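The structure appears below as structure tokens.
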Amino acid sequence: MLKFDFETYNENFIKKSDLSSYKDKQKKIKLDFLSGDLSQWLSTKTYISEKELKDIKSTAKKIRDICDVFVVIGIGGSYMGAKAVISALEKKNRPRKPEIIFFGNSINAMDYRETLDYIKNKDICVNVISKSGTTLEPSLAFDAVMELMEKKYSESELKDRVFVTTDANKGTLRELVNKKGYKSFVVPDNVGGRYSVLTPVGLLPIAVAGIRIEELLIGAEEAIKNELDDAIKYATIRDILDKKGKSIESYTIYNKRLYYFTEWLKQLFAETQGKDGKGIFPVSNINSRDLHSMGQFLQEGKNIIFETVIGVNDEDDFTVGKYNLNRLNDIALTSVAQAHKNGYTPSSIIWINRIDEKYLGELIQFFFMSAIAGGKLLDINPFDQPGVEEYKKLIKSNL
Ligand code: PA5
């Protein structure tokens, strides 16, 4: 189970009366989750069925058997969750087969030239992921990879190597699947990109990486069972601090493996809550590195930031002289929180025991619930992203 410390390092900043004034709102949000219009988020069945899970696992095995590189094409919610989980569980000295390459999240010529050059003489499988099927960046990347693959493979070989994750019925990618007979997976209708890591969007690439996807779902179930109240409380703390002028939240970590997890968090909260002139601007810090740069601002700079820290209790054991680094890193975390509290920056700490599938699933579901609850507290729609759609429209009309 996750362990929360919402008290120790927030105490100078949040009064008991601040919290108690949210009681009615919290009750209403909880009811909406338990029996109202948010109840779909309290079941992992919303993300994936047993049948799809089996299909993903057997497809992942086939991909692992035939490919050197697995190119995952998608942008925003269509790739950030998978990237977060895969890199959290990556071991530096144990290369993966197939190598997983995330592509289609830029329109940078050098990125294209280097990636295509790198994969061209390898055995390639590709998974293009786009709910709408019309987003420019992944569409371009898919065209480029397909141009290369069509030169290497016959039509029937392509059927073993091209995987499409998109809407069940509509969009150009679905039309392509219908025309060419490529293997496809469905992005559930009621789950938007940034909430899709536990659907086929995230689970296929994660399974190809050899990660135990059922364990992620078990972790999510755990959070549903045990952490709804804490998710609402965390959303409340963020809202109180926001109203006190703290409009920037730093997701702070002490383990580099969680770097892309903080990138995913930034997406989840920015896209969910940054609308109608509201929301908290998310940033991230990796310590100890950033204690020697951003740390100065967090301690003494403009009074606009609060931190959410993810701590890992039991990391690999390593001793230098008389110091156990695992314990030392935890002491650094709490000492920094103490120092920041003595300055301008309060912290909430979320502890996990280790970085594994179960804890990652639990964190993912905890943050889903709190992002949605936070959206409700702000009185905005947590499920749309009109600002993102705006740039997509403009870029197309300017082409
Ligand atoms: O969270 C979201 O909805 C977005 O980040 C989308 O995932 C992103 O814009 C990509 O959209 P699509 O999957 O339609 O290509």
Side-chain angles (χ1 to χ4, degrees), residues 38 40-41 46-48 71-86 102-107 126-146 162-177 182 184-206 260-276 279-282 364-365 367-372 374-375 378 380-397 399:
L38 300 180
Q40 67 149 338
W41 299 101
T46 298
Y47 309 130
I48 193 105
V71 184
V72 179
I73 296 178
I75 195 164
S78 286
Y79 92 103
M80 294 188 82
K83 174 87 186 165
V85 172
I86 292 170
F102 290 93
F103 191 45
N105 48 56
S106 85
I107 346 183
V126 63
N127 179 200
V128 58
I129 308 168
S130 176
K131 183 167 182 164
S132 61
T134 54
T135 308
L136 178 71
E137 292 88 343
S139 303
L140 278 176
F142 186 52
D143 285 352
V145 171
M146 284 307 286
V162 179
F163 303 88
V164 178
T165 308
T166 191
D167 188 88
N169 306 303
K170 52 182 194 297
T172 22
L173 284 177
R174 182 52 58 192
E175 283 161 25
L176 181 80
V177 167
Y182 296 143
S184 73
F185 294 89
V186 170
V187 188
D189 231 3
N190 49 349
V191 181
R194 59 194 172 279
Y195 297 99
S196 68
V197 52
L198 301 177
T199 75
V201 169
L203 293 181
L204 178 63
I206 293 171
Y260 283 101
F261 195 81
T262 65
E263 290 298 305
W264 174 81
L265 279 173
K266 279 155 59 178
Q267 191 221 358
L268 177 66
F269 282 91
E271 222 179 356
T272 295
Q273 299 184 355
K275 50 194 77 151
D276 295 350
I280 295 162
F281 189 74
I364 287 167
Q365 179 67 27
F367 284 115
F368 279 164
M369 297 187 297
S370 45
I372 295 168
L378 281 177
I380 48 98
N381 177 354
F383 305 112
D384 64 358
Q385 56 285 326
V388 174
E389 306 307 334
E390 196 54 38
Y391 108 83
K392 286 187 184 177
K393 255 188 273 153
L394 253 179
I395 201 169
K396 276 199 184 135
S397 69
L399 276 178

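Below, each value reflects all heavy atoms present in this structure, side chains not excepted, and no hydrogens, waters or symmetry copies. Atoms within each ligand, like the ligands themselves, are counted from 1 in listed order. The first residue in the sequence is number 1, and the count goes up from there. Only a predicted model underlies this, so the values are computations on that prediction, with no experimental measurement involved.
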Can you pull the residues with any heavy atom under 4.0 Å from ligand 1? Ile75, Gly76, Gly77, Ser78, Ser130, Lys131, Ser132, Thr135, Gly193, Arg194, Gln267, Glu271, Gln385, Lys392

For a side chain to side chain contact (heavy atoms under 4.5 Å, CB included) check, start with the C-alpha distance between Thr166 and Arg174, then their side-chain angles and the critical distance, and finish with the verdict. CA-CA 7 Å; Thr166 191; Arg174 182 52 58 192; 3.9 Å; yes

Side chains of Leu378 and Lys275: does their closest heavy-atom pair fall under 4.5 Å? no

With the side chain counted from C-beta on, respond yes when Ile129 and Leu204 share a heavy-atom pair under 4.5 Å apart, and no when they do not. no

To the nearest 0.5 Å, what is the distance between CE (Met369) and CD (Gln365)? 5.0 Å

Between the CZ atom in Phe269 and the CH2 atom in Trp264, the distance rounded to the nearest 0.5 Å is 7.5 Å

Is atom OH of Tyr182 surrounded by more than 12 heavy atoms (other residues, nucleotides or ligands) closer than 6.0 Å? yes

